[in-house]
Amino acid sequence: MKKIFILPVLITIIVLSNLEAQTQKQNLPPQREEIEKLLKEKRERIEKLIEEKSILKEKLKEILETQKRIKEIERKEIEKDPELKNLQNQIINLRLQLMQKIQEKLKDDEEYQRLKEKMKENEEKIKRHIKENIKKRGGEKI
């Protein structure tokens, strides 16, 4: 009697395990498709970011060129007008005085001196980076 009862149970367990294995195999292709879909989306996002970076780089270049041109026009106008030239000289002298007084007042300020040193290091890094990029591009300015 027990044998008759155990036999259908074993058959049921075997059939169920086979069905589960087949179901898992069928789930693999959709998982693979899902992975490929995610990879494709990631590639598209990366391409979009690269494109945006390129656009931003061009916009920054355009802004810098515009600023440079504006400064050139202002410089020419200052050279033509003695009153503007006099004002510019006064401004330069006042700025020098201001910087000297600031330096004198803050010479013992540790945070200020540390930040100044950090700023100087960053400027040097940027200069080195620009020089390296110019060398990589064969002398072409950025």
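Remember, predicted model here, so these are calculated numbers, not experimental data.
With rounding to the nearest 0.5 angstrom, the CG atom of Asn93 is 10.5 Å from the CD atom of Gln88. Interatomic distance, CG of Asn122 versus NZ of Lys125, reported as 5.5 Å (0.5 Å rounding). Rounded to the nearest 0.5 angstrom, Lys107 NZ and Gln113 CD are separated by 10.5 Å. For the atom pair Lys120 NZ and Leu115 CG, the distance stands at 14.5 Å (nearest 0.5 Å). The line from CD1 of Ile102 to CZ of Arg95 is 11.5 Å long, rounded to the nearest 0.5 Å. A distance of 14.0 Å separates CG in Leu84 from CZ in Arg75, rounded to the nearest 0.5 Å.
The closest donor-acceptor contact from the side chain of Asp81 to the backbone of Glu77 lies at 3.5 Å or more, if one exists at all. Ser54 contributes no side-chain N or O that, together with a main-chain N or O of Ile50, makes up a donor-acceptor pair within less than 3.5 Å. No donor-acceptor pair under 3.5 Å is formed between the side chain of Glu41 and the backbone N or O of Glu36.
In the displayed structure, Glu51 atom CD is contacted under 6.0 Å by at most 12 heavy atoms of other residues, nucleotides or ligands. Counting non-hydrogen atoms of neighbouring residues, nucleotides and ligands closer than 6.0 angstrom, the CD atom of Glu111 reaches no more than 12 such neighbours.
The hydrophobic cluster containing Tyr112 also contains Leu98, counting ILVMFWY residues as joined when their side-chain heavy atoms lie under 4.5 angstrom apart, directly or transitively. Note: the hydrophobic cluster containing Leu56 does not contain Leu64 (ILVMFWY, side chain heavy atoms under 4.5 Å, direct or indirect links).
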Inset, instruction - Take Lys68 and Glu65 through the salt bridge (Lys or Arg N to Asp or Glu O under 4.0 Å) test and state the conclusion after the steps. - result: CA-CA 5 Å; Lys68 183 179 177 182; Glu65 288 173 358; over 6 Å; no
Inset, instruction - Applying side-chain contact (heavy atoms from CB on, under 4.5 Å), run through Glu52 and Leu49 and close with a yes or a no. - result: CA-CA 5 Å; Glu52 288 174 0; Leu49 287 172; 3.8 Å; yes
Legend entry - Criterion side-chain contact (heavy atoms from CB on, under 4.5 Å) on Glu124 and Arg128, from CA distance to verdict: CA-CA 6 Å; Glu124 290 298 320; Arg128 281 194 304 270; 3.9 Å; yes
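Between Arg69 and Glu72 a salt bridge is recorded (basic side-chain N to carboxylate O distance below 4.0 Å).
Of the N and O atoms on the side chains of Lys116 and Gln103, at least one donor lies less than 3.5 Å from an acceptor on the other residue.
For the pair Lys76/Glu79, no side-chain contact is recorded, criterion being any heavy-atom separation below 4.5 Å from C-beta on.
Screening Lys40, Lys42, Glu34 for a side chain to side chain contact (heavy atoms under 4.5 Å, CB included) involving Leu38 leaves a single residue, Glu34.
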